[in-house]
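Within every chain, numbering begins at 1; the chains are lettered A, B, ... in the order of the sequence lines, protein sequences first and strands thereafter.
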There are 2 protein chains.
Amino acid sequence: MNTQTRYSISDLAREFDITTRSIRFYEDQGLLSPERRGQTRIYSRQDRVRLKLILRGKRLGFSLTECGELFELWDHSNSGSELQLRLMLTRITEKRQALEQQLRDIAMMQQELDGAEARCSEALNALVPTDTAAKPAQE
Amino acid sequence: MNTQTRYSISDLAREFDITTRSIRFYEDQGLLSPERRGQTRIYSRQDRVRLKLILRGKRLGFSLTECGELFELWDHSNSGSELQLRLMLTRITEKRQALEQQLRDIAMMQQELDGAEARCSEALNALVPTDTAAKPAQE
DNA sequence: AATCAAGTTTACGTTAACGTAAACATTCTT
DNA sequence: AAGAATGTTTACGTTAACGTAAACTTGATT
């Protein structure tokens, strides 16, 4: 079925369109720790989730180290001393602020793309009067 | 006043909290081309805007090459042949899709941070019954 | 038995984005 | 005039995130 429980390294590589080299590298950096059957790696559903989170982090421009920090937040968010917990809340807030900055950045970049697209379409309409240009709908 | 029109390299370095090395490197990569007074670089307001755009791109995880591609979109969005213009519209759409993917990624990561924060706060409340924990407002 | 596919370790190579240092020019200040 | 501050070019060094290749193991297949 669709709910598999164990994956080989090339299973994951295929699914996420990355190389096995990358997956082993992530393990080397401490972001994954699959079981071993003999010398062969066996990945659980949890490992798969971790990998998905890594790739999501990368799409947001996070370094592997930062991804690891997020995992720490996730993993130890229900244990540790009071001081540790308070420290984690602080870091969660920091990460959230970074994400909010990214939201602002995306909004501004979208506006710039809007502008560029408008100028592009206009230039096209000037070149090709037969309205072949890419305008959404009605005039 | 606040509306300066020329900047030295260290002006910009200070303002954006980067090194002069970085600024020269961006120029080396073709992302900036300030005037020269003798051998000294002089940056205009436009140059300053470009620099701001570079840093925004970097915060979104874009490479300098990708930033340069965005500048091309911006700069040539009102010129070029029909084919060129159509190609640019395509690439604008691609960039927009990447941004939308990032929006989705941010939303999911925010949810995970919410969860981690909730668990953290809960663990804290269990440790410190005197409600010193970080809960927003009323019980 | 031999070959083949998939996995493994080890290690050197590569690219992007700067850091760092040396050696020099220019301008301002003392 | 002699520093000191700010700028410049040139060039080698560094880190992250893999790519690539070699040499080997293991299980399945012919």
Side-chain angles (χ1 to χ4, degrees), chain A residues 4-44 47-48 50-72 95 98 102 105, chain B residues 4-44 47-48 50-72 95 98 102 105:
Chain A
Q4 219 177 317
T5 180
R6 310 273 141 187
Y7 311 85
S8 77
I9 194 168
S10 47
D11 283 345
L12 295 182
R14 249 189 310 277
E15 174 173 2
F16 294 111
D17 194 30
I18 57 182
T19 66
T20 60
R21 174 69 173 97
S22 296
I23 298 179
R24 292 199 195 92
F25 182 74
Y26 299 152
E27 178 178 349
D28 211 59
Q29 304 303 112
L31 302 181
L32 293 174
S33 29
E35 293 172 31
R36 292 279 182 145
R37 177 159 181 165
Q39 77 172 349
T40 302
R41 280 164 248 253
I42 300 184
Y43 297 86
S44 68
D47 292 324
R48 206 189 82 138
R50 294 285 275 231
L51 183 51
K52 201 182 287 191
L53 292 178
I54 294 172
L55 299 178
R56 176 182 300 156
K58 293 204 64 188
R59 283 197 301 272
L60 293 177
F62 289 24
S63 71
L64 295 183
T65 303
E66 289 174 312
C67 289
E69 291 171 15
L70 287 172
F71 289 162
E72 274 190 50
K95 295 289 178 188
Q102 286 201 328
D105 288 333
Chain B
Q4 222 176 313
T5 180
R6 310 273 142 189
Y7 310 86
S8 77
I9 193 170
S10 46
D11 284 344
L12 295 181
R14 249 189 309 277
E15 176 174 2
F16 295 111
D17 194 31
I18 57 182
T19 66
T20 59
R21 174 68 173 97
S22 297
I23 298 179
R24 291 198 196 92
F25 182 73
Y26 300 152
E27 177 177 350
D28 212 58
Q29 302 304 322
L31 302 181
L32 293 173
S33 28
E35 293 172 32
R36 292 279 183 143
R37 177 161 182 165
Q39 78 173 347
T40 303
R41 280 164 247 254
I42 299 184
Y43 297 87
S44 68
D47 292 324
R48 206 189 83 139
R50 295 285 277 230
L51 182 52
K52 200 181 289 190
L53 292 178
I54 293 172
L55 299 177
R56 176 182 301 156
K58 292 204 66 186
R59 283 197 301 273
L60 293 178
F62 289 24
S63 71
L64 295 182
T65 304
E66 289 173 312
C67 289
E69 291 171 14
L70 287 172
F71 289 162
E72 273 190 52
K95 295 288 177 186
Q102 285 200 327
D105 288 333

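Checking the phosphate oxygens (OP1, OP2) of C/dT8, no side-chain nitrogen or oxygen of A/Arg37 falls inside 4.0 Å. The phosphate of C/dG7 (OP1 or OP2) has no side-chain N or O of A/Arg41 nearer than 4.0 angstrom. In terms of phosphate contacts, A/Ser10 brings a side-chain nitrogen or oxygen within less than 4.0 Å of OP1 or OP2 of C/dG7.
Across all strands, B/Ser8 comes closer than 4.0 Å only to sugar-phosphate atoms, never to a base (heavy-atom distances).
Rounding to the nearest 0.5 Å places CG of B/Asp11 at 10.5 Å from OH of B/Tyr43. Expressed to the nearest 0.5 Å, how far CD1 of A/Ile42 lies from CG of A/Asp47 amounts to 10.5 Å.
Here the side chain of A/Asp28 pairs no donor or acceptor atom with the backbone of A/Phe25 at under 3.5 angstrom. Within the 3.5 Å criterion, the main-chain N or O of A/Ser22 finds a donor-acceptor partner in the side chain of A/Thr19. No side-chain donor-acceptor contact under 3.5 Å links A/Gln29 to the backbone of A/Leu64.
Looking at A/Leu32 and A/Arg41, their side chains never come closer than 4.5 Å, going by heavy atoms from C-beta outward.
As rounded to whole Å, 8 Å separates atom P of C/dG7 from atom CZ of A/Arg14. Regarding A/Asp28, its CG atom lies at a distance of 9 Å from the P atom of C/dT9, rounded to whole Å. Going from atom CD1 of B/Ile42 over to atom P of C/dT27 covers 11 Å, rounded to whole Å. Following rounding to the nearest Å, B/Arg24 (CZ) and D/dT10 (P) show an atom-to-atom distance of 12 Å. Atom C1' of nucleotide D/dT6 and atom CD1 of B/Ile9 are separated by 11 Å, given to the nearest angstrom.
For the salt bridge (charged side-chain N to carboxylate O under 4.0 Å, His left out) criterion with A/Asp105, the lone passing option out of B/Lys58, B/Arg59, B/Lys52 is B/Arg59.
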Review item, nucleotides 13-19 of chain C N/O atoms under 3.5 Å of protein N/O:
| unit_1 | atom_1 | unit_2 | atom_2 | d |
| --- | --- | --- | --- | --- |
| C/dA17 | OP1 | B/Leu64 | N | 2.8 |
| C/dC18 | OP1 | B/Lys58 | NZ | 3.1 |
| C/dC18 | OP2 | B/Tyr26 | OH | 2.8 |
| C/dC18 | OP2 | B/Lys58 | NZ | 2.6 |
| C/dG19 | OP2 | B/Thr19 | OG1 | 2.7 |
| C/dG19 | N7 | B/Arg21 | NE | 3.2 |
| C/dG19 | O6 | B/Arg21 | NH2 | 3.0 |

At a cut-off of 3.5 Å, list every protein nitrogen or oxygen paired with a nitrogen or oxygen from nucleotides 23-28 of chain D, distance to 0.1 Å.
none

TODO: Report the C-alpha distance between A/Leu12 and A/Ile23 in whole Å, list the side-chain angles of each, state the deciding distance to 0.1 Å, and finish with yes or no for side chain to side chain contact (heavy atoms under 4.5 Å, CB included).
DONE: CA-CA 8 Å; A/Leu12 295 182; A/Ile23 298 179; 3.9 Å; yes
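Among pairs with a residue in residues 15-24 of chain B, those fulfilling salt bridge (charged side-chain N to carboxylate O under 4.0 Å, His left out) read B/Glu15-B/Arg48, at least two apart in sequence or across chains.
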